[in-house]
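Only one structure is covered here, and it is reproduced in the block below.
Residue numbers begin at 1 in each chain, while the letters A, B, ... track the order of the sequences.
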Protein chains: 2
Amino acid sequence: MDVTIYDIAERASVSIATVSRVLNNSTRVAEATRQRVLEIADELGYEPHTSAQNLARRQSNLIAVVLPWATNFFLEVLRGVQDRVAETSYDVLVYLARNNKEVESRLDRALKKGRAAGVLFLSNPVTDAFCEKLKNSSATVVLADTYHDEFESAVVDNVLGGYVATNHLIETGCRSVGLIMASPRSVPSADRRRGYVKALTDAGIAVDEDLISFDAEAGDGYTEDSGYRTMCELLSRPRRPDGVFVTSDEQAIGVLRAMREHGLAVPDDISVVGFDDIPLLRYAGLSTLRQPMYELGRFATERLIKKLESGDGESQHTVFAPELIVRETTRQAVAAVAAEEEE
Amino acid sequence: MDVTIYDIAERASVSIATVSRVLNNSTRVAEATRQRVLEIADELGYEPHTSAQNLARRQSNLIAVVLPWATNFFLEVLRGVQDRVAETSYDVLVYLARNNKEVESRLDRALKKGRAAGVLFLSNPVTDAFCEKLKNSSATVVLADTYHDEFESAVVDNVLGGYVATNHLIETGCRSVGLIMASPRSVPSADRRRGYVKALTDAGIAVDEDLISFDAEAGDGYTEDSGYRTMCELLSRPRRPDGVFVTSDEQAIGVLRAMREHGLAVPDDISVVGFDDIPLLRYAGLSTLRQPMYELGRFATERLIKKLESGDGESQHTVFAPELIVRETTRQAVAAVAAEEEE
DNA sequence: GTGAAAGCGCTAACAG
DNA sequence: CTGTTAGCGCTTTCAC
């Protein structure tokens, strides 16, 4: 049997209430008693029993992170979450799902009573069903990379990202800008499309559905494989784009593969812009829109913790801006080329 | 207040003991009562309070996964862990560290009394200090991607992997085979080196320390950045290799970058073999040794659960074999070339 | 300041 | 088959 506060109390000739007080550095305890208790606790190697604490306190020290796919994006976000959580006494429960249905069952588990104090719900659209579950739960929830009126959220401005990406393609001389989308059900993906449409419209270019291809499979479609399939499909159509905006870097890698197989050169035949700026791919030469993934994770966790500790409060909706990173899969901007020729 | 077994008991006019029995589908309960209780529980939306259960049962439903770095390797392993765990009532606590010191503090948290029933300790060398902690803890531990006599473990045969990789390089005509290592403190990395040495020795080639470069930084060195730095260092030395075995794919990407910057072609100037076969990199053309990462995670979890449920039992040491995947960063084997010329 | 005592929600003998 | 009764280890009034 492990050492409990009873053991400490006995050794220190005080009651368990006192031990509990000093351990929680709560109200007035004689300095002498405090020292003695602390010493004995240390000596005995005392460690509080989390379940007992949670039961008595009627709360939990667990934060559940629910996410719909396991990609590099998530890896970065999780790093941010972990770093912030490490500074607290919370621990992180991870629920990895592979599709919408799995998200539901994982969420159910995460929301089980007494399980988690807070939930970080990532990237998945907050459907009515999920919203219901989230609201009925006693857990504090923060959304990241997805949005819903009724919950605190932290997102990257995907519309802006789509806009900037598409605009970059237009500025570098692309006339037929295509779009390779992940699942249209995915919120970030749908938002990026809106930015794409807006950029084209602003430039006076008509949106051509024939240049838009999306992943119709069950998953979320942010994978290399999805990008490959979707690009192949696009290339099988009569009109060929001279530039494509792809809704994630991983997909973009698949797009590049499809192009290679079709004997197409980048950026000469088709320029490519991704989204995310995954560290591992930074040297693949992919032009992309950088998302502050780590910061997103860390910030969302920060907010969650604050809500947990100070009894909720207002729900904010924070928006991070993505940043265009130009590398080798797009041409230089026309203006830049002109400037260079000046020299 | 949430609904408890007392509420159910009252509504069903039975005792809480009976409710508890049917909820745990334990011994003989009248079918009629069982039905009624189940119905009411469902109707009330009852959910057991995990902390209360854990306290009463004197056990935990948590499995802690402790890992020293956040790379794609881990992502795959975690998928395996999650998939297996999803079939049980366990939940997964993730402790991500960035270096050895962080591993220690994360491990301490994971081992806190009553926290986790089992610990999956990944990739990190089991130092004496860790071994001590692990043994003193009441948690069941399983090692994955690392080894220690006293604990169950599941590893990939890294010596074999290093051997096969090096041998492949030799067979495809490399005369000066270099080695780009992650931290020599890392067990997998050190084992891969042993395989490298053995392959050279078996081929009658002297091991030249000047062709071996490792990452001396604080981290584990399995990153792109590390590979880049380490390769640059190697290239700055007088003797230049015509092939290198790199201890991970992520590092290999960095090696490729370093080569590009030095104007070196792959595989013409230098052949490259990585390790891992990270999905995202499968189309980067990297020749590598595939580790069954997902399987490793799933299997280790399987073992952990088995031990948890059937009161320990023997500790096995399972070894998975890595598989050589030849792509474009190495030349074709001489035999293959010969065979081709035959045609 | 400190102790006694009543739970937190659930499990598990032990009777019956 | 079912109820009674102790706890599990800790927190938290409420007195003293």
Between [X] ([atom1]) and [N] ([atom2]), how many Å, whole number?
{"X": "A:E47", "N": "D:dC10", "atom1": "CD", "atom2": "P", "value": "11 Å"}
{"X": "A:E31", "N": "C:dG1", "atom1": "CD", "atom2": "P", "value": "11 Å"}
{"X": "B:R34", "N": "D:dC1", "atom1": "CZ", "atom2": "C1'", "value": "12 Å"}
{"X": "A:H49", "N": "D:dT11", "atom1": "NE2", "atom2": "P", "value": "12 Å"}
{"X": "B:I5", "N": "C:dC8", "atom1": "CD1", "atom2": "C1'", "value": "12 Å"}
{"X": "B:R36", "N": "D:dT2", "atom1": "CZ", "atom2": "P", "value": "9 Å"}
{"X": "B:R58", "N": "D:dG7", "atom1": "CZ", "atom2": "P", "value": "10 Å"}
{"X": "B:N54", "N": "D:dC8", "atom1": "CG", "atom2": "P", "value": "16 Å"}

Close side-chain approach of B:T318 to B:V155, heavy-atom, < 4.5 Å:
no
Are the ring centres of A:F299 and A:F320 closer than 6.0 Å?
yes
Ignoring hydrogens and geometry, is there a side-chain-to-backbone donor-acceptor pair from A:R84 to A:A300 under 3.5 Å?
no
With side chain to side chain contact (heavy atoms under 4.5 Å, CB included) as the test, would you mind laying out the steps for B:V119 and B:F151 before giving the verdict?
CA-CA 11 Å; B:V119 174; B:F151 304 102; over 6 Å; no
Partners passing side chain to side chain contact (heavy atoms under 4.5 Å, CB included) against A:E152 (at least two apart in sequence or in another chain)
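A:E152 satisfies side chain to side chain contact (heavy atoms under 4.5 Å, CB included) with A:V142, A:R303, A:K307, A:S315, A:Q316 only.
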Using a heavy-atom cut-off of under 4.0 Å over every strand shown, decide if [X] touches base, sugar-phosphate, or nothing.
{"X": "B:A17", "answer": "base"}
{"X": "B:T33", "answer": "sugar-phosphate"}
{"X": "B:V14", "answer": "sugar-phosphate"}

Would you indicate, yes or no, if [N] has its OP1 or OP2 atom less than 4.0 angstrom from a side-chain nitrogen or oxygen of [X]?
{"X": "B:S15", "N": "D:dT4", "result": "no"}
{"X": "A:Q53", "N": "D:dT11", "result": "yes"}
{"X": "A:S20", "N": "D:dC10", "result": "no"}

If I compare all heavy atoms of B:N124 with all of B:F130, which pair ends up nearest, and what's the gap?
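Result for this residue pair: ND2-CE1, 3.2 Å.
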Mapping B:T18 and B:L55 onto DNA chain D by nearest heavy atom, which one lands closer to the 5' end?
B:T18
Degree of bending in the helix from C:dG1-D:dC16 to C:dG16-D:dC1 once both end axes are built from five pairs, to 10°:
40°
Mapping A:A30 and A:I16 to their closest nucleotides on DNA chain C, which lands nearer the 5' end?
A:A30
Go through the N and O atoms of the side chain of B:R21 and the base of D:dG3, and report whether any donor-acceptor pair is under 3.5 Å.
yes
Check: D:dC10 base within 3.5 Å donor-acceptor of A:Y6 side chain:
yes
Check the pair B:R106, B:V94 against side chain to side chain contact (heavy atoms under 4.5 Å, CB included), reporting the backbone distance first and the verdict last.
CA-CA 9 Å; B:R106 299 293 196 278; B:V94 171; over 6 Å; no
Would you check, one step at a time, whether the test salt bridge (Lys or Arg N to Asp or Glu O under 4.0 Å) holds for A:E87 with A:R298?
CA-CA 11 Å; A:E87 299 160 4; A:R298 185 167 176 113; 2.8 Å; yes
